[in-house]
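Structure first, then comments.
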Amino acid sequence: MKKGAKRKAASQKQEENEVKASQESQKENLKPLPKAKRAKTSKPQSQPEFFEDKRNLEDLWKAAFPVGTEWDQLDSVYQFNWNFSNLEDAFEDGGKLYGKKVYLFGCTEPQLVPYKGENKVICIPVVVAVVSPFPPSDKIGINSVQREAEEIVSMKQMKMDWVPYIPLEKRDSQVDRLIFQIFILSCTQRRVALKQMKIDRLKKYEYCLPYFYQPLKEDELEQSTEVQIIFPAEPKPVFCEFDWELDELEEFTDKLIEEDELDKDQKNAFKEFVKEKVREAKKANRQAREARKKALEEMSQETKAAFENMRFYKFYPVQTPDTPDVSNVKAPFINRYYGKAHEIL
């Protein structure tokens, strides 16, 4: 091939390549441009919420049933966020109840206390702790001014019993593997069933007192020489107290007649009624002394030591800005069976 023909062919090929490159370029230009990515807007960071950790024994005071509190007053007991951190601290290392077996029951004390600038009658919850290697009692006393005589009945009869309390941190554990140190007096009577309950049965709950009998100490009833008299006279019953050592029955009766508390025609009937009540009281005192003596004779040294070392602690709520101030109404008296607490906290 001649040189001119070769140059012509090379020139022609170069043009074809340029055209082809131009076409490819145009195709690229015709492609849709990629969509611009939308800029991400950063969400405002919310402030982290902090929840106060529940304390291990925070609900302990609520778990102990407030024995003797009227059913319609129960809600008022919990209207305040009472703080019983003193009770919780007592179970910590160095506390009064640390490492000990303890039985707890609740009660309430209506008191006139200052709250938000004025004095109000508030139903104050109280927790009594009994340090003992065994339950202090399996009985409940039922007594009131309105009732002619007291009753001592089984706790189970009033649907009450000592049950183990499980601290918060152990509630996921297998119950049968736990060693219980805290027991609470619990009541399984459902409030929804109260409407079907007879009035007398309903009132019994309001007159309940945790019962305790100390065999090492002579009971006040064994020493008492007084009898409560409720004589069914007309037009109204006669309410009085007669002391068979201090009062002379004839003079006592005449005085009631002078004060128009007793009708003259009912004098002899009243005197016989009082004599019968005195005989019953003396018999009860004698039986109580004999029972205590027998119990002591049959009691082991270990049990005697347990009764001697038994201690009662009475816990009131700790003062907080949201609750009434109860510091001036604290008292050691628990009830007529337990007597006074060894210490108030």
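What you see is a predicted model; the values in this text were computed from it and never measured. As a basis for the values below, the full set of heavy atoms in this structure was taken, side chains included, without hydrogen atoms, waters or symmetry mates.
Each of Val278, Val274, Asp254 was scored for a side-chain contact (heavy atoms from CB on, under 4.5 Å) with Leu249, with one residue passing: Val274.
Comment: Lys271 engages Glu250 in a salt bridge, judged by a side-chain N to carboxylate O separation of less than 4.0 angstrom. One finds no salt bridge joining Lys293 and Glu290 here, because no Lys/Arg side-chain nitrogen approaches an Asp/Glu carboxylate oxygen to under 4.0 Å. The pair Arg279-Glu276 meets the salt-bridge criterion, since a charged nitrogen lies less than 4.0 angstrom from a carboxylate oxygen. Salt bridge Glu272/Lys275: present, at least one basic N to carboxylate O contact under 4.0 Å. Taking the charged nitrogens against the carboxylate oxygens, Lys139 and Glu151 have no contact shorter than 4.0 Å, which rules out a salt bridge.
Side-chain contact check for Pro167 versus Phe91: every heavy-atom pair is 4.5 Å or farther apart. Within the 4.5 Å cutoff, side-chain heavy atoms of Pro324 are placed close to those of Phe80.
Here Leu246 is tied to no hydrophobic group at all, with no ILVMFWY side chain closer than 4.5 Å.
Residues Val102 and Leu104 share a closest heavy-atom pair of CG1-CD2, 3.7 Å. Here the closest non-hydrogen pair linking Ile142 and Tyr337 is N-OH, 4.5 Å. Shortest non-hydrogen contact noted between Pro133 and Lys101 is O-CD, 3.5 Å. Between Ile152 and Gly141, the shortest heavy-atom contact is CD1-CA, 4.0 Å. When all heavy atoms are compared, the tightest approach of Asn119 to Pro114 is OD1-CA, 3.4 Å.
Listed by first and then second residue, the ring-ring contact (aromatic ring centres under 6.0 Å, His included) pairs that reach into residues 290-314 are Phe134-Phe307, Phe212-Phe312, Phe312-Tyr338, Phe312-His342, sequence neighbours excluded. Counting only residues at least two apart or in different chains, side chain to side chain donor-acceptor pair (under 3.5 Å) contacts with residues 104-117 comprise Thr69-Thr108, Glu109-Lys314, Glu109-Tyr316.
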* To do: Starting from the C-alpha separation in whole Å, work towards a yes-or-no answer on salt bridge (charged side-chain N to carboxylate O under 4.0 Å, His left out) for Lys283 and Glu280.
  => CA-CA 5 Å; Lys283 182 181 178 181; Glu280 290 176 3; over 6 Å; no
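For the residue pair Thr320/Asp322, the side-chain donor-acceptor check at 3.5 Å is not satisfied. Side-chain contact check for Asp243 and Thr225: at least one donor-acceptor pair (N or O, by modelled atom type) lies under 3.5 Å.
Atom-to-atom distance recorded for Ile140:CD1 and Tyr211:OH is 11.5 Å, nearest 0.5 angstrom. Considering SG of Cys240 and NZ of Lys255, their distance stands at 11.0 Å, rounded to 0.5 Å. For the atom pair CD1 (Ile166) and CD1 (Ile182), the distance works out to 11.0 Å, reported to the nearest 0.5 Å. For the atom pair CZ of Phe105 and SG of Cys187, the computed distance is 15.0 Å after rounding to the nearest 0.5 Å. The CE atom of Met310 sits 11.0 Å away from the CD atom of Glu308 when rounded to the nearest 0.5 Å. Atom CD1 of residue Ile257 and atom CG of residue Asp263 lie 8.0 Å apart, to the nearest 0.5 angstrom.
In this structure, Phe242 has its ring center under 6.0 Å from that of Phe252.
Side chain of Gln266 to backbone of Ala269: no donor-acceptor contact under 3.5 angstrom is found. Of the possible polar contacts, none joining the Glu297 side chain to the Lys294 backbone as a donor-acceptor pair under 3.5 Å is found. Although no hydrogens or angles enter the test, the distance criterion places a donor-acceptor pair under 3.5 Å between the side chain of Ser300 and the main chain of Thr303.
Using bins of under 30°, 30° to 60° and over 60° for the plane-to-plane angle, the ring pair Trp61/Tyr78 lands in the tilted bin.
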